[in-house]
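In what follows, chains are A, B, ... by sequence order, proteins preceding strands, each numbered from 1.
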Amino acid sequence: MGGLIARDGEKFERFSEWFDNVLLTARIADSRYPVKGFLVYLESGWFVIERVRRRLEYLLEEDGHLPMYFPLVATLENFSREAEHIKGFMGEVFAVGKLRVGGGEEQQEAPLILRPTSETIMYPMFALWISSHADLPLKIHQSCSVYRYETKATRALYRVREIPWNEAHTAHASQEEAEEQVRRAVQIYRRVLDELGLAYLTLRRPDFDKFAGAEYSIAFDAWNPDGKVNQVATVHNLGTNFSRVFNVEFEKKEGGKAHTWQLCYGFGYSRVLAAIIAQHGDDLGPIFPPTVAPIQVVIVPIPYKGREQEVRSYAQEIYSTLRESFRTRLDDREDVTPGEKYYYWERRGVPLRVEAGPREAQSGSVMLVRRDTGERRSVPLTGLKESVENVLAEIERSLAERARRKLEELVVEVETVEKGAGMIEEGKICKVSWCGSESCALSLKSLMGAEVRGYRYDMDERSERPCLVCGSRGRTYLYVSRAY
RNA sequence: GGGGCCGUGGUCGAGCAUGGUCCAAGAUGCCUGGCUUGGGCCCAGGAGGUCGUGGGUUCAAAUCCCACCGGCCCCA
């Protein structure tokens, strides 16, 4: 009776169907809510999000970010102040008015909008709070939902109209300090994503694709089984673009006034959840990394005629040992066979199963079965906590390793744009030698039928080849792929 | 922004071309009982659908037409 080998053929071949199915059966989210782009987060999905949220918030606060909460609505007037910003978002904001009894909307003198992101809500307050260099840096963060009226097709967790995220906003006295904060923000996000075992590219977006109103943007693109990368987080250097329009000024140490240098960065919880499911899962369902798994260990007793009582109390003993240290569930349903229980919990992503039957009770051991590899290991009851701890750590490492290898496999360097277009068709992420000019980057988009995601931020990648578009000397590599 | 496809119990899905034989097949899931219990088996029974919503055509609509809502795909 060998272990179960994880298969992920269906996950890669029919990702959409697989994903939708998994969301429901693993109790992650229910996308049947009757408003387009909105969904119900079920207990397992929300649990994971909460775990991720707490970890991220902890790291942000450790770095000096103050937790705050700003209103959901903004005046259209404030929202419209920054020219580029409004250009980028206007097409997708929800407007709010008063619902008149009997239907119909009341005319509003000053219409309100739901935040699609909170710059224009926060910065008027920044202007009130900041007057001297001593008030800087100001670093704040909030976890909330933002609302974007997506015109394209929506997709559960990936592209929704209500987006649960964390947004952080900082104001600094100098450009250098702002730059330093960009590095810190990137480090924080990387740390959270790395701890979840996700594999992604850290890219500086091309200028034509930067955040509306930013000087430049850095983004984290996680790979996805269907070949469309999933942007899970972004960091934007706003320069003084927003401080100038919102009059965020401070008195300098040496006298005189200056506008603050600002940053904003966001971390998408639902997309990170999607990445966890998509990267780590297999055909059966999700495999949650132990740190965020709603249930880390499930105990399945294996009864045997005449020895039910013995097995039951043995399983109970294991349960009381483990529950102190792990999120543990004892599946003591009596009308369900062990085999069915295995299947049941596998589909719900529990990373480790503990089997306890007459054999184990007899010898004082337990059988540990890994969800990711199916590997079975018999360990003694004494020292069980440590054994479980170790196996969970192994699972975490091996999920991360598997995701990382997959990313390596997906990224291919191409020598011609035609080849690149072919690779895109196959769902690959193409690495393309590039001269650095915007026009070449722009034409890649149409030549290859995919999005230009940018060049590496985490390393200085020098190209040895000529630019694939114009043929002149290549400076670095652009990453091109389909995207959500 | 342009074009196309689709919507049937919780989920998947047959039926729609040629309207009536559909108070809607099947699978899975769910509930009951039995058998079994180291891989979700097997047997018996059961609940669950105004066929997305509204309007129209017709003696008759899941089936044809229109609008809306929702889902998906392709192109820009």
- Message: Would you say Lys36(A) places a side-chain N or O within less than 4.0 Å of OP1 or OP2 belonging to G71(B)?
- Response: yes
**Asked** NA contact type, Arg307(A), heavy-atom cut-off 4.0 Å: base, sugar-phosphate, or nothing?
**Response** nothing
Can you tell me, in whole Å, how much space there is between the P of G19(B) and that of C59(B)? 15 Å
Within the structure shown, what part of the strands sits under 4.0 Å from Glu334(A) by heavy-atom distance: base, sugar-phosphate, or nothing?
nothing
Next item on the list: Provide the distance between the two C1' atoms, one in U63(B) and one in G2(B), to the nearest whole Å.
Entry: 30 Å
With C1' as the reference atom in both, quote the distance from U21(B) to G9(B) in angstrom, rounded to an integer. 23 Å
Every stem of 3 or more Watson-Crick or G-U pairs under 3.5 Å that RNA chain B joins, in order of first number, is B:1-7 with B:69-75, B:10-12 with B:26-28, B:30-34 with B:42-46, B:52-56 with B:64-68
task = Determine whether any donor atom in the side chain of Glu355(A) lies under 3.5 Å from an acceptor atom in the base of G39(B), or the reverse, and answer yes or no.
result = no
| message | Taking the C1' atom in each of G49(B) and G10(B), what is the distance between them to the nearest angstrom? | response | 12 Å
Nearest-nucleotide check on RNA chain B, Pro303(A) vs Asp20(A); residue mapping nearer the 5' end is Pro303(A)
With sequence neighbours left out, the residues meeting salt bridge (charged side-chain N to carboxylate O under 4.0 Å, His left out) with Asp332(A) are none
The contact string for nucleotides 6-14 of chain B, one letter per nucleotide 5' to 3', using protein heavy atoms under 4.0 Å with B, S and - for base, sugar-phosphate only and none, comes out as ----SS---
Check your understanding: With no hydrogens and no angle check, do the side chains of Arg205(A) and Thr234(A) hold a donor and an acceptor under 3.5 Å apart?
Key -> no
